[in-house]
Engineer: 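The structure is given below, and queries will be raised subsequently.
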Amino acid sequence: MDRNRAQEIIDSLAMINVKYHGIPVYIQGLNEDSETATIFPLDEMDHEQQVDLQGLFEEGP
């Protein structure tokens, strides 16, 4: 996923469907000096992890 699009999703008031390697996730934030993001799976909200932006995909409408 493009870093700018990830930031747009974070800033959006709407819930935008994003998956990390097929698993629905919530993007908490972008990490400043890298191409990674902090996410957690929607079904495991306490399982925060750092992932590569390239593994994130937005599900279309």
Engineer: Applying side chain to side chain donor-acceptor pair (under 3.5 Å), can you list everything that pairs with Gln49, at least two apart in sequence or on another chain?
Structural biologist: none
Engineer: If you compare all heavy atoms of Asp52 against all heavy atoms of Tyr20, which two are closest, and at what distance to 0.1 Å?
Structural biologist: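 So the two residues come closest at O-CE1, 4.0 Å.
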Engineer: Please check if any side-chain donor atom of Asp11 sits under 3.5 Å from a side-chain acceptor atom of Gln7, or the reverse.
Structural biologist: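 A pair is found: one side chain offers a donor N or O, the other an acceptor, under 3.5 Å apart.
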Engineer: Is the shortest heavy-atom distance from the side chain of Lys19 to the side chain of Leu42 under 4.5 Å?
Structural biologist: no
Engineer: Do Asn31 and Thr36 get their side chains close enough for a donor-acceptor pair, meaning under 3.5 Å?
Structural biologist: yes
Engineer: Mind checking the OG1-CG spacing from Thr38 to Leu30? Nearest 0.5 Å is all I need.
Structural biologist: 8.0 Å
Engineer: Once rounded to the nearest 0.5 Å, what's the spacing between atom CD of Gln54 and atom CZ of Arg3?
Structural biologist: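 So the gap between those two atoms works out to 11.5 Å.
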Engineer: Could you pull out the closest heavy-atom pair between Val25 and Pro41, with the gap in Å?
Structural biologist: CG1-CA, 4.0 Å
Engineer: Can you tell if the side chain of Ile39 reaches within under 4.5 Å of the side chain of Glu48, non-hydrogen atoms only?
Structural biologist: no
Engineer: Would you please name every residue forming a ring pair (Phe, Tyr, Trp, His ring centres under 6.0 Å) with Tyr26, sequence neighbours left out?
Structural biologist: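 Ring pair (Phe, Tyr, Trp, His ring centres under 6.0 Å) list for Tyr26, sorted by chain: Phe40.
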Engineer: If you draw a 6.0 Å radius around CE in Met15, do more than 12 non-hydrogen atoms from other residues or ligands fall strictly inside?
Structural biologist: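 Check passes, neighbour count above 12.
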Engineer: Run the side chain to side chain donor-acceptor pair (under 3.5 Å) test against Glu58 and tell me which residues pass, sequence neighbours left out.
Structural biologist: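 Partners of Glu58 by the side chain to side chain donor-acceptor pair (under 3.5 Å) criterion, ordered by chain and then number, come out as Arg5.
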Engineer: Is there a side-chain contact between Ile16 and Glu59 (heavy atoms, below 4.5 Å)?
Structural biologist: no
Engineer: Test side-chain contact (heavy atoms from CB on, under 4.5 Å) on Ile27 and Met1 and set out the steps.
Structural biologist: CA-CA 12 Å; Ile27 305 173; Met1 174 175 289; 4.3 Å; yes
